[in-house]
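Data block below; observations after.
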Amino acid sequence: QVQLVESGGGLVQAGASLRLSCATSGRTFSMYAMGWFRQAPGKEREFVAAVIWSSGNAYYADSVKGRFTISRDNAKNTVYLQMNSLKPEDTAVYYCAARTYYSSTYVYARAYTYNYWGQGTQVTVSS
């Protein structure tokens, strides 16, 4: 079992920055990848960013590329999402997700390929 706890959400004005954290615990030694997804009211959950745990290779949705940065701290078993130049359309509940094993079926942008999820943290960006 792996537990994921997000933190760092809040209410900010457009143009501001926030850093989300996702602390992991439990059987994290086999972590393969972690991702961030978000879900706005009335919309489907969408991919934001992902990082491969061992290599640090990162992937982003086009909508956040150049503004958001995903990173991980292996020693702390924590993944971060630095969000700069926030826009009102970034308003959503942000979820951290973990993939704890490698498989050729893993697709970083697809929620179904992650096997653990956090509870989410609300990010609200006012105009």
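Clustering ILVMFWY residues whenever any of their side-chain heavy atoms sit less than 4.5 angstrom apart, transitively, puts Leu20 in the very cluster that holds Val12. Tyr59 and Met34 are assigned to two separate hydrophobic clusters, defined by single-linkage of ILVMFWY side chains at heavy-atom distances under 4.5 Å.
The two atoms that bring Pro88 and Ser127 nearest to each other are CG-CB, 3.8 Å, heavy atoms only. Between Thr91 and Ala40, the shortest heavy-atom contact is O-CB, 3.6 Å. Closest non-hydrogen pair, Gly118 versus Tyr95, comes out as O-CD2, 3.7 Å. The minimum heavy-atom distance between Lys76 and Thr78, with the atom names listed, is O-OG1, 2.9 Å. Summarising the geometry of Asn84 relative to Ser17, their closest heavy-atom pair is OD1-OG, 2.9 Å, with the distance given to 0.1 Å. Contact record, Cys22 with Leu4: SG-CB, 3.9 Å, taken as the closest heavy-atom pair.
For the pair Arg99 and Trp53, the NZ or CZ position fails the cation-pi test of under 6.0 Å to the six-membered ring centre and within 45 degrees of the ring normal. Figure legend: Arg72 and Tyr80 shown without cation-pi pairing, the cationic atom not lying both under 6.0 angstrom from the six-membered ring centre and within 45 degrees of its axis.
In this pair, Phe37 and Tyr114 present their aromatic rings perpendicular. The plane angle is above 60°, beyond the 30 to 60° band. Taking the six-membered ring where tryptophan is involved, the planes of Tyr32 and Tyr106 are perpendicular, since the angle between them exceeds 60° and thus also 30°.
In this structure, the separation between CD on Gln122 and CZ on Arg38 is 12.0 Å, given to the nearest 0.5 Å. The CE atom of Met31 lies 9.0 Å from the OH atom of Tyr116; values are rounded to the nearest 0.5 Å. One distance of note links CE of Met83 with CH2 of Trp36; it measures 8.0 Å at 0.5 Å rounding. One distance of note links CG of Asn57 with CD1 of Ile70; it measures 11.5 Å at 0.5 Å rounding.
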Residue pair Val79, Leu81: steps toward the side-chain contact (heavy atoms from CB on, under 4.5 Å) verdict: CA-CA 7 Å; Val79 65; Leu81 185 68; over 6 Å; no
CA sep, side-chain torsions, deciding dist, call: Gln39, Tyr94, side-chain contact (heavy atoms from CB on, under 4.5 Å): CA-CA 7 Å; Gln39 187 166 18; Tyr94 283 71; over 6 Å; no
Stepwise side-chain contact (heavy atoms from CB on, under 4.5 Å) check, Tyr60 with Thr69: CA-CA 8 Å; Tyr60 299 94; Thr69 302; 3.7 Å; yes
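Aromatic ring centres of Phe47 and Tyr108 lie closer together than 6.0 Å.
Formation of a donor-acceptor pair under 3.5 Å by the Ser63 side chain with backbone atoms of Ala61 is not found in this model. Between the side chain of Asn115 and the backbone N or O of Thr100 there is at least one donor-acceptor pair closer than 3.5 Å. Within the 3.5 Å criterion, the main-chain N or O of Cys96 finds a donor-acceptor partner in the side chain of Glu6. For the pair Ser30 (side chain) and Tyr101 (backbone), a donor-acceptor distance under 3.5 Å is absent. A distance-only check finds no donor-acceptor pair linking the side chain of Ser85 to the backbone of Arg67 [under 3.5 Å]. Under the 3.5 Å distance criterion, the side-chain polar atoms of Thr113 are matched with a main-chain donor or acceptor of Val107. One N or O on the side chain of Thr24 and one on the backbone of Asn77 form a donor-acceptor pair closer than 3.5 Å.
Using a 3.5 Å distance cut-off with no hydrogens or angles, the side chains of Gln13 and Ser126 do not pair a donor with an acceptor.
Ion pairing between Asp90 and Lys87 fails under the 4.0 Å rule for side-chain N and carboxylate O.
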